[in-house]
Protein chains: 2
Amino acid sequence: MSLRAAILGFLELEPTTGYTLRQRFAGSVASFWSVTQSQIYRELHGLASEGLVAVSREPGDGKPDRKVYSNTEAGRATLQQWLRAPLEPMQLRHPLLLKFVFASELAPATLDGLLADYAEGLRATLADYQARHDAPEIFTLARSPREAEIWRLSIEHGLAWCRLELDWIDRARERLAASVRRTPARPRAARRKKG
Amino acid sequence: MSLRAAILGFLELEPTTGYTLRQRFAGSVASFWSVTQSQIYRELHGLASEGLVAVSREPGDGKPDRKVYSNTEAGRATLQQWLRAPLEPMQLRHPLLLKFVFASELAPATLDGLLADYAEGLRATLADYQARHDAPEIFTLARSPREAEIWRLSIEHGLAWCRLELDWIDRARERLAASVRRTPARPRAARRKKG
DNA sequence: CTCCCCATGTAACACGTTACATGATTTG
DNA sequence: CAAATCATGTAACGTGTTACATGGGGAG
């Protein structure tokens, strides 16, 4: 349901092709609603067969033909309905946390490395968000200042999220390091002689 | 893959039944890795047929028979392998944000209501996390102080996440309210006379 | 010459969700 | 008497992922 609605939402901004929709997803909502190319084409076919979108085939000059999709009245109605419908709960799929919970028997250094690697990836993502937030060219599709503000806020959500993750990782690493210092008497570490 | 690994992880703490596994999931990792009952049974059958877990059927006195699953050596090896394997990226499915991005044409009050409702639900979730964090009885399965610390940290992640969401919603509501004040000349609002 | 961009799609598979079915025992 | 708890499971469906296939044009 949400995928269809999002497609209708993008088409409401500007009628376009499946290919371009993929890019729109990647460039805006991907961080909280990821989709693949296959999903988009599949859903577009479904939407078309139910009369929620209309297709116009435009011959591509040299390039492949483009199929430009646009919302029908029924499509617009469906979008409006979705906007007013009750929200489903959010959900998270967080492989790091899952692994973390079962990782107590890993060597402290291994676990720490896992967290460190993850943090590095996050810093890249953060920079990405920052760039998108500061770049005005992304907002060219916005239909109003209100819409631009909404989009800015959605990017800020991503920024805040990255910072939270980074902070949490720092805290986790510190606390785990501290707990190792408190219980250093692991068999393997017993080699080192006392001063 | 992650589901199997998590099941092996729980069985490593204590051999148990599918039914109980469901409760363990619900009581600990559900906020970042939700599963349904069907998934668990399906996966247990798979794990058993591949020899990663062993089953012992215990006759239930009146109650249905219990099938107690425990890890085999192969299962333990698979778990260890997973713990050391590279992490898949986290992903979020956030219906509120998705709707938010396409909601600029909704009446400001409707959108604000959507955010407010969501915040209310979050406050309940937050209280839930707080309770779990403060209750020591959840940590009885922990095999070491280190493991308890890890579990505490995972709950703190949930707490931090809820607070982030609530903060973001406050900020979003304020900013949107401010932008309405700045552009109050909507056709519908034009009825009110000045001074 | 190779790779990337544009643009379409399909097939198979993996994973997740909903709803149903059974049945004794305990609790309100 | 109704509802929840313990405990198993299946069937159908819906959604998401991976990999493949096609094919011209432009850039390095």
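Residue numbers begin at 1 in each chain, while the letters A, B, ... track the order of the sequences.
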Problem - Contacting residues from residues 40-52 of chain B, given that a heavy atom lies under 4.0 angstrom of DNA chain D - result: B/Tyr41, B/His45
Completion exercise
When the rotation axes relating C1' atoms of four end pairs to the next four are compared across the helix from C/dC1-D/dG28 to C/dG28-D/dC1, five pairs an end, they differ to 10° by 40°
Practice task
Could you tell me whether a side-chain N or O of B/Trp151 sits under 3.5 Å from a main-chain N or O of A/Val101, the two making a donor and an acceptor?
Solution key: yes
Exercise for the section: Answer with base, sugar-phosphate or nothing: what part of the nucleic acid does A/Glu88 contact at a heavy-atom distance below 4.0 Å? Expected result: nothing
Practice task
List for me each residue that meets side chain to side chain contact (heavy atoms under 4.5 Å, CB included) alongside A/Ala48, sequence neighbours excluded, and say none if there are none.
Solution key: A/Val53, A/Val55
Handout entry: Results of salt bridge (charged side-chain N to carboxylate O under 4.0 Å, His left out) for B/Arg22 - residues two or more places apart only
Key = none
Exercise for the section: Among B/Thr17, B/Thr20, B/Leu21, find the residue that satisfies the side-chain contact (heavy atoms from CB on, under 4.5 Å) test when tested with B/Ile40. Expected result: B/Leu21
Exercise for the section: Output yes when a side-chain donor or acceptor of A/Trp168 lies under 3.5 Å from a complementary backbone atom of B/Leu153, and no otherwise. Expected result: yes
Exercise for the section: Specify the residue among B/Gln91 and B/Gly18 whose closest nucleotide of DNA chain D lies further upstream toward the 5′ end. Expected result: B/Gly18
Exercise for the section: Report the C-alpha distance between A/Glu149 and A/Arg152 in whole Å, list the side-chain angles of each, state the deciding distance to 0.1 Å, and finish with yes or no for salt bridge (Lys or Arg N to Asp or Glu O under 4.0 Å). Expected result: CA-CA 5 Å; A/Glu149 181 78 329; A/Arg152 225 170 286 123; 2.6 Å; yes
Exercise for the section: Specify the residues of residues 19-39 of chain A, ordered by number, for which at least one heavy atom lies under 4.0 angstrom from an atom of DNA chain C. Expected result: A/Tyr19, A/Gln23, A/Gln37, A/Ser38
Practice task
Sorted by first residue and then second, give each salt bridge (charged side-chain N to carboxylate O under 4.0 Å, His left out) pair with at least one member in residues 69-92 of chain B; sequence neighbours left out.
Solution key: B/Glu12-B/Arg76, B/Glu73-B/Arg76
Fill in the blank from the handout: All heavy atoms of A/Phe139 vs all of A/Arg132, minimum pair found to be CE1-O, 4.3 Å
Handout entry: Any donor-acceptor N/O pair, A/Gln39 side chain to A/Val35 backbone, under 3.5 Å
Key = no
